[in-house]
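Accompanying notes for the structure given below.
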2 protein chains.
Amino acid sequence: MNAAIALLETASSAGCDVCFANPGTTEMALVGALDAVPAIRPVLGLFEGVCTGAADGYARMRDHPALTLLHLGPGFANGIANLHNARRAFSPVVNLIGDHATWHVAADAPLTSDIESLARPVSRWVRTSEFGAQVPQDGADAILASLSDVRGVASLVLPADLQAAGGGQPVECSPPDVPALPSASIERAADALRNAKDPVLFLGGRALRAEALRSAQRVSQATGAQLITEVFPARWERGAGLPAPQRIPYFPEQAIELLSGRDAVVLAGASAPVAFFGYENTPGQLAPAEAILPAFGPEHDAERALAALADATADSAPREAPRDHPPPPPPSGPLTTQTVGAALARALPAGAIVVDEAATTSLQFGLQSGGAAPHTTLGLTGGAIGQGLPVATGAAIACPDQKIIAFQADGSGAYTVQSLWTIARESLDVVTLLCSNRSYRILQVELQRAGVSDPGPAARHLTTLDAPALDWCALARGFGLPADRVSYIDDSEALTRALNVAMAEPGPHFLELAL
Amino acid sequence: MNAAIALLETASSAGCDVCFANPGTTEMALVGALDAVPAIRPVLGLFEGVCTGAADGYARMRDHPALTLLHLGPGFANGIANLHNARRAFSPVVNLIGDHATWHVAADAPLTSDIESLARPVSRWVRTSEFGAQVPQDGADAILASLSDVRGVASLVLPADLQAAGGGQPVECSPPDVPALPSASIERAADALRNAKDPVLFLGGRALRAEALRSAQRVSQATGAQLITEVFPARWERGAGLPAPQRIPYFPEQAIELLSGRDAVVLAGASAPVAFFGYENTPGQLAPAEAILPAFGPEHDAERALAALADATADSAPREAPRDHPPPPPPSGPLTTQTVGAALARALPAGAIVVDEAATTSLQFGLQSGGAAPHTTLGLTGGAIGQGLPVATGAAIACPDQKIIAFQADGSGAYTVQSLWTIARESLDVVTLLCSNRSYRILQVELQRAGVSDPGPAARHLTTLDAPALDWCALARGFGLPADRVSYIDDSEALTRALNVAMAEPGPHFLELAL
């Protein structure tokens, strides 16, 4: 058994069952090994950002790493942006990166580069294998690192000759224990929430799972704490029967206003909220510094931690009953971000997973979907656009029995458009709702915020996508997907009909929404 | 004048006239500054790899850096693969990378990452600006660094607040002197070539420009040295009237055979040849170690250096006359890599620039185009696929009066397919000849070389692109290009007719060649 096979056997016995791959010559032994270890399903991406984003989407839904298989420094580099999002989502991901044979590195062949320097900014663990016999243990260490403490990205560089080295043996790999609850800080948080006049329970990470949210609601009922979430949660379970925390506003002025005067901002699975970008004369810290109190972090078991917090506050008298969130009324009239949001919220089947990279088009959906059928949203954790279609791809591989909606803006969709081919090839149950406004709309807003109220030709050139407009249906068909279009000359009833068809039929659907 | 404007004024006066851009919120001051400095043309890419590859293509043709404008770590990361190729091409490129405001970095906002760690592996110079008043000088230093000694990539990280800081002043920026000729090593090389029985003059970098090649031919006539080039030259001037050196074979066994027994391998603008990948039981160094003799490096003026070498060897008696390279005869019959190569070689107009990322399809073109009309080829210097379409884009911006041919394989073309939109938007005179064999053909060859003679389902899954086949005409139309197809049911006369139409009409043409 060569080291590559022993490594994949190790990963398979540790529960890894998918490898999102875009291999090259230095990964041929690992490609061959995938045929020897059929329990690991290879999924090909036409571009590495598809693979790493898919691994992120898979991890968010499975709480377990998928493997990626990437080709030296440049191939890895193509996956960095979506690994950045995975890092910010605390997604376990295990990258297997082929490198030149150990004896060939010194030749400085054309593809040679410093892979570790590229990997460190997005990885919590980086190693280059040094001996063939050590490769399976290196793989086990990578898997454990991705699942330990604050979960994240582990990157293992595998020289080609070591992959092919003989005498490999799979090794045991047991997932680490979840870190113990920080009881003292949970008690301190309970005290603070009980004693505060205007408290907030700020939820992030795994505190946005259904059971954790129900405990958070108990805390809210007992203490009057307002439930507020991170701006781009990695995974947020929502809809009918679940509490609907408010999402913190994207722009810092509004977020600061929301948190102004709060005398306790208790952090549950989240860091203290900060501005997405720093704007002149606006603080970057959004909550009053003296009010911030960490209860537990993203590494802890949020379900248990929030249950403990609820128990610790249960003796308080309820101050406010939770509001009920009805589904939105059927939209009518022209297509706007509001009617699009309502139509999508109403069309969601129970168990749907909405991968939200619709940018300026998605705000209204978020506001109107609190009472939709129970669903999960996956957000743009790291702000590196081009994650939506890949994350949808990975979520669909992870959850074949759930409907995936890729709710996607056009500008960001173009970054990793190659995902559409993998969706077609694997016949994934993904409805892509591609919202085309033919601009980088958020940048037009940001230009105004930066004081450029009347953009000149250069600024217009760099923020518009209308000359030529992308023909998204042609692109989708080019990648092998059936595609249809609803445009601004249609009305929201037409969108509802198209969504209902797509939701009812399994398999890939692509709907261009020209706004 | 703010620092961003002063920086762009500095760059403009240093000769930078294009900025390949994909900006975000942290680059708004630079976007605004582009309207204040209209001498710098902004060119938008839908993905950062388009921008960096275009900057590489521009630099190869202009010998001067273009600017790129990129968005923080993830935006930069998307451009790394093509910067890797630029580094291996010794292309001067100046990256302007926005970052969070200096005071906001510590907040660890979602898009925060270690940009310098990402930049170092592809950059010969990296700096993060520390003061607004220093930004223009930092820009000048970046430009000078890109043009100094061994040319390459300079990456300047610009925090958003410093871009917007007032009181900026443009600074002077004079290009550095070309390093003096290494006269002693040129004389040693001349002696070695004169005294060797079976010498080689191994040409790379700027030694493949027309004038340098004519001098190399004089050296060859005087000493009998065989002219051999690097495997993937950055820029190679070829065709009728120019000597046609042999390209070193891609696979090491053949390269070693070609160089076996040579008693002098003189390096002219090239490093000693090494295997592209290391294969078991095959040396990575392709030339006999004792025969290698560096004459001059990529940092030297190859035209002057080869003229000096020719003068130094001129007293030797000619041993062999150069061969004449006629154009290939008109191809007929079915489409094969051979007839495609001949058809393209015959169709090239004088001055054409062929960006060659056709992989396994391009070998025959190389063999048959030595006698084509004078043209330039730009190759896959760093082996990071996805460079072809972006480099074609940049070459077309750099050389609006020359016909660009993007001779492109399908697998690599999918990596940075977004380039097609920039070609359409800027109405570039680019003929894309997209060769679709619906496989990673080179990997199928490499699997065999690795001993996998009968690939299993996983290996087949990871090396085939036929289910579904990409509809390249649909993709091209989706990005706004007119598109046409020649397929294996047509014959090479059909390809010739289609190529002749595309070569005759200015503006973008896209031709899918289904093999």
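Lettering follows sequence order; numbering is per chain, from 1.
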Taking the side chain as every heavy atom from C-beta outward, state whether B:N78 and A:N78 have any atom pair closer than 4.5 Å.
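Not in contact.
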Would you say the side chain of A:R88 lies within less than 4.5 Å of the side chain of B:D108, judging by non-hydrogen atoms?
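Heavy-atom side-chain distance check passes, below 4.5 Å.
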Heavy-atom cut-off 4.5 Å, strictly under: side chain, backbone, both or neither for [X] against chain A?
{"X": "B:A469", "value": "backbone"}
{"X": "B:Q444", "value": "neither"}
{"X": "B:S271", "value": "neither"}
{"X": "B:T381", "value": "backbone"}
{"X": "B:E116", "value": "neither"}

Partners meeting ring pair (Phe, Tyr, Trp, His ring centres under 6.0 Å) with A:H104 (sequence neighbours left out):
A:H100
Sequence neighbours left out, what passes ring pair (Phe, Tyr, Trp, His ring centres under 6.0 Å) with A:F276? Give chain and number order.
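Scan of A:F276 (ring pair (Phe, Tyr, Trp, His ring centres under 6.0 Å), adjacent residues dropped) gives A:F232, A:Y250.
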Pairs of heavy atoms under 4.5 Å with chain A: top-ranked of [options]:
{"options": "B:L34, B:V274, B:L46", "answer": "B:L46"}
{"options": "B:L447, B:V50, B:L462, B:D161", "answer": "B:L462"}
{"options": "B:G32, B:P468, B:P23, B:P74", "answer": "B:P468"}
{"options": "B:H71, B:R477, B:E48", "answer": "B:E48"}
{"options": "B:I115, B:T463, B:L118, B:T26", "answer": "B:L118"}
{"options": "B:L72, B:I442, B:L380, B:D471", "answer": "B:D471"}

[X], part contacting chain B, at a heavy-atom distance under 4.5 Å:
{"X": "A:H461", "result": "both"}
{"X": "A:R449", "result": "neither"}
{"X": "A:L465", "result": "both"}
{"X": "A:E426", "result": "side chain"}

Run the numbers on A:F76 and B:I80 for side chain to side chain contact (heavy atoms under 4.5 Å, CB included), then give the verdict.
CA-CA 10 Å; A:F76 176 79; B:I80 287 174; over 6 Å; no
Looking at A:A272, A:A81, A:G480, A:S117, which has the largest count of heavy-atom pairs under 4.5 Å with chain B?
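The option with the most such pairs is A:S117.
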Working to the nearest 0.5 angstrom, can you tell me the gap between B:T25 OG1 and A:Y279 OH?
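One finds 5.0 Å between OG1 of B:T25 and OH of A:Y279.
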Note: A:M28 and B:L443 closest approach over all heavy atoms is CE-CD2, 3.8 Å
If you look at every heavy atom in B:W103 and A:T282, which pair is closest and at what distance?
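Nearest pair, atom of B:W103 first, then A:T282: CH2-O, 3.4 Å.
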Start with the C-alpha distance between A:R460 and B:D35, add both sets of side-chain angles, then the distance that settles side chain to side chain contact (heavy atoms under 4.5 Å, CB included), and finish with yes or no.
CA-CA 10 Å; A:R460 286 200 303 275; B:D35 271 311; over 6 Å; no
Sort by residue number and list every residue of residues 37-45 of chain B having at least one heavy atom under 4.5 Å from chain A.
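Listed by number: B:P42, B:V43, B:L44, B:G45.
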Derivation and outcome, side chain to side chain contact (heavy atoms under 4.5 Å, CB included), residues B:Q418 and A:Q418:
CA-CA 10 Å; B:Q418 303 91 341; A:Q418 302 91 341; 3.8 Å; yes
Parallel, tilted or perpendicular: which describes the rings of B:F47 and A:Y415, with under 30° parallel and over 60° perpendicular?
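Correct class here is perpendicular.
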Expected list for residues 450-459 of chain A: side-chain donor-acceptor pairs under 3.5 angstrom, two or more places apart:
none

